[in-house]
Amino acid sequence: MVVLPVVKLATLALKTACKPIASRLKKEAGYHPKFRSFIIAIAQANHRLTTRVQRRIYGRATDVAIRPLNEEKAVQAAADLLGELFVFSVAGAAVIFEVQRSSRSEARKEEIRRQEIQAIQTRNEELAREMELLAHKLEKLEQLSRGRGLFGTLNFGPTHVSENTKSN
């Protein structure tokens, strides 16, 4: 199947191309004022969440105020998060695509197997009917051969023995 290598190569090319795209996103993230303020807010929220989780893991006090990141660190952290999110989303989409493609392929194979089994069952039923018919014909032949005797079966004698000649 020619489609399989092309799909795999396209997936690999997409994964390879998404890293430079992610780095470009990181670089461009800090330049636009509205987007910059948005990613700074995301970075600060992420910083607060990870700091709280780390404090809980290490058994430290969680009610202590958390200092916010400075603007440049926040932009850098958000850009890194954005780049990683892009890479993981592309990889996740590629995995989902591969799983769906594989399941469709398996479904086609299963349908072919089901059709083959149905054809075999139909053929078995036909053979069973044919064997039944042949058994019935064989039984009729045996009955006829018993009635005619050896000469009737081998066609040496008369083909019909009438009741009048038997009684005489």
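What's counted below: heavy atoms across the whole structure, side chains too, no hydrogens, waters or symmetry copies.
Remark: Glu126 engages Arg123 in a salt bridge (charged side-chain N to carboxylate O under 4.0 Å, His left out) (not counting sequence neighbours). By the salt bridge (charged side-chain N to carboxylate O under 4.0 Å, His left out) test, Arg114 pairs with Glu111, sequence neighbours left out. Partners of Glu125 by salt bridge (charged side-chain N to carboxylate O under 4.0 Å, His left out), not counting sequence neighbours: none found. Under the rule for a side-chain contact (heavy atoms from CB on, under 4.5 Å), the partners of Glu139 that lie at least two apart in sequence or sit in another chain are Gln143. Every residue meeting the salt bridge (charged side-chain N to carboxylate O under 4.0 Å, His left out) condition with Glu72, not counting sequence neighbours, appears here in chain and number order: Arg36. Taking Ile42 as the reference, Phe38, Leu81 meet the side-chain contact (heavy atoms from CB on, under 4.5 Å) condition, with sequence neighbours excluded. Residues meeting the side chain to side chain donor-acceptor pair (under 3.5 Å) test with Gln76, sequence neighbours left out: Asp80. Not counting sequence neighbours, Ser37 has no partner by the side-chain contact (heavy atoms from CB on, under 4.5 Å) test. Legend: residues meeting side-chain contact (heavy atoms from CB on, under 4.5 Å) with Phe88, ordered by chain and number and at least two apart, are Glu84.
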Could you give the side-chain donor-acceptor pairs of residues 47-57 under 3.5 Å, partners two or more places apart or in another chain?
unit_1: His47; atom_1: NE2; unit_2: Arg67; atom_2: O; d: 3.1
unit_1: Thr50; atom_1: OG1; unit_2: Asn46; atom_2: O; d: 3.0
unit_1: Thr50; atom_1: OG1; unit_2: His47; atom_2: O; d: 3.1
unit_1: Thr51; atom_1: OG1; unit_2: His47; atom_2: O; d: 2.7
unit_1: Arg55; atom_1: NH1; unit_2: Val64; atom_2: O; d: 3.1

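Between Ala43 and Ala78, the shortest heavy-atom contact is CB-CB, 3.7 Å. Scanning all heavy atoms of the two residues, the minimum distance from Ile40 to Ala74 falls at CG2-CB, 4.1 Å.
How far CZ of Arg108 is from CZ of Arg104: 7.0 Å, rounded to the nearest 0.5 Å. Separating the CD atom in Gln44 from the NZ atom in Lys73 is a distance of 11.0 Å, to the nearest 0.5 Å. With rounding to the nearest 0.5 angstrom, the CD1 atom of Ile120 is 11.5 Å from the CG atom of Leu127.
With Thr122 contributing its side chain and Gln118 its backbone, the two residues share a donor-acceptor pair below 3.5 Å. Counting only distance, with no hydrogens or angles, the side chain of Ser89 and the backbone of Leu85 share a donor-acceptor pair below 3.5 Å. Of the possible donor and acceptor atoms, none in the side chain of Ser102 sits under 3.5 Å from a partner among the backbone N and O of Val99.
Salt-bridge annotation for Arg129 and Glu132: absent, with no side-chain N of the basic residue lying under 4.0 Å from a carboxylate O of the acidic one.
Here the side chains of His136 and Lys140 are in contact, with some heavy-atom distance below 4.5 Å.
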